[in-house]
Number of protein chains: 2
Amino acid sequence: MKNNVKCSPRSYHLFFRNLANPVKISIISSLKEAPASVGELSKKLKIEQSKLSHALTNLKNCSIVNAKQKGKHRIYFLNKSTILPMLNLIDKHRCKFCPNKK
Amino acid sequence: MKNNVKCSPRSYHLFFRNLANPVKISIISSLKEAPASVGELSKKLKIEQSKLSHALTNLKNCSIVNAKQKGKHRIYFLNKSTILPMLNLIDKHRCKFCPNKK
DNA sequence: TTTTCATATGAAATATATTTCATATGTCTT
DNA sequence: AAGACATATGAAATATATTTCATATGAAAA
């Protein structure tokens, strides 16, 4: 059964805006491999803790990531169902239309 | 045959950044229906000409739109192959994960 | 070849987003 | 319940993107 409900332009804008940030893309790239706590991400990506925290809060508001508490750590994990196909679309797009840009 | 070439995080970032703008989303929404010149878009969307021109230049650099000259008008048209599936992903995402937000 | 209409461009002004840092909150351990 | 560790939050400082406006370029018509 196909879903035909369309978002408003504003919703599209908010969605893209939330992703248009290098820190968030790094987070997504890392969580694609495995879930991680803020501290682990901070160490791995060499990004300051509160910076990650701000970014993760935004991504969570959009349900691009989710979190579960585990002791004093909060483990973030990627909601892959939207973002992975989306990144694949970009991969293909760039192959087809922007082959010279890295 | 499946395509497995992956973009750099920076490429993803640039792609999303280019879309994270209400003017550009309006343009895309309009061109989804039909190609149009800058003047037509300006009239339809009530957006000032040079503003559109700046936005269209960016979208064109990313091959999200293309243009053909027709007399003194430049007709922009949407490269639907990437953006339409991407908007569909967002539609679905919001249905599933953010049903209460408009 | 001058005028007119259509679009593009550059740069300053403005708006918006990100970063930083001090501190608050929350969860365990003792 | 006090201390230690992990994460979140608010707000000012900073960085980045968008808008605006004056003007340039380009194409067609006169």
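Contacts with DNA chain D (heavy atom under 4.0 Å) in residues 37-44 of chain B: none are found. Near-neighbour residues of DNA chain D inside residues 17-33 of chain A, defined by a heavy atom below 4.0 Å, are absent.
The cationic atom of K68(A) (NZ for Lys, CZ for Arg) lies less than 6.0 Å from the six-membered ring centre of F77(A) and within 45° of the ring axis.
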* Asked: Between S50(A) and E48(A), does a side-chain contact (heavy atoms from CB on, under 4.5 Å) hold up when you go through it step by step?
  -> CA-CA 6 Å; S50(A) 76; E48(A) 191 264 324; 2.9 Å; yes
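Considering only heavy atoms from C-beta on, N66(A) comes within 4.5 Å of N79(A) through its side chain. Contact annotation: the side chain of L41(A) approaches that of L56(A) to within less than 4.5 Å [non-hydrogen atoms, C-beta and beyond]. Looking at Y76(B) and K60(B), their side chains come closer than 4.5 Å, going by heavy atoms from C-beta outward. Between S11(B) and I90(A) the shortest side-chain heavy-atom distance does not fall below 4.5 Å. Counting only heavy atoms from C-beta outward, the side chains of M86(B) and L19(B) approach each other to under 4.5 Å. Side-chain atoms of K80(A) and P85(A), non-hydrogen and from C-beta on, never get closer than 4.5 Å to each other. V5(B) places none of its side-chain heavy atoms less than 4.5 Å from the side chain of D91(A).
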Check: protein-nucleotides 12-15 of chain C nitrogen or oxygen pairs below 3.5 Å:
none

* Asked: When every nucleotide of nucleotides 20-30 of chain C is labelled 5' to 3' by its protein contacts under 4.0 Å (heavy atoms), B for base, S for sugar-phosphate only, - for none, what sequence of letters results?
  -> BB-----SS--
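At least one donor-acceptor pair closer than 3.5 Å links the side chain of Q69(A) to the backbone N or O of G71(A). Proximity of a side-chain donor or acceptor of S29(B) to a complementary backbone N or O of I25(B) within less than 3.5 Å is detected. E40(A) contributes no side-chain N or O that, together with a main-chain N or O of S42(A), makes up a donor-acceptor pair within less than 3.5 Å. A donor-acceptor contact shorter than 3.5 Å links the side chain of S26(B) to the backbone of P22(B).
Taking atom NE2 on H73(B) and atom C1' on dA28(D), their separation rounds to 10 Å, with Å as the unit. Residue H13(A) contributes atom NE2, which lies 10 Å from atom P of dT16(C) at whole-angstrom precision. The nearest whole Å value for the distance from the CG atom in N58(B) to the P atom in dA17(D) is 10 Å. One can place CD1 of I75(A) at 12 Å from C1' of dT7(D), the figure rounded to the nearest angstrom. L14(A) has its CG atom 14 Å from the C1' atom of dA17(C), to the nearest Å. Atom pair I47(A):CD1 and dT18(C):P shows a separation of 13 Å (rounding to whole Å applied).
More than 12 heavy-atom neighbours from other residues, nucleotides or ligands sit within 6.0 angstrom of NZ on K32(B).
Not counting sequence neighbours, the partners of H93(A) by the ring pair (Phe, Tyr, Trp, His ring centres under 6.0 Å) test are F97(A), F15(B).
Tracing side-chain contacts under 4.5 Å through hydrophobic residues (I, L, V, M, F, W, Y), one never reaches I75(B) starting from I64(B); they form parts of separate clusters.
Axis angle across the helix from dT1(C)-dA30(D) to dT30(C)-dA1(D), with five pairs used at each end and values rounded to 10°: 20°.
Of the side-chain N and O atoms in Y76(A), one or more sit less than 4.0 angstrom from OP1 or OP2 of dA8(D).
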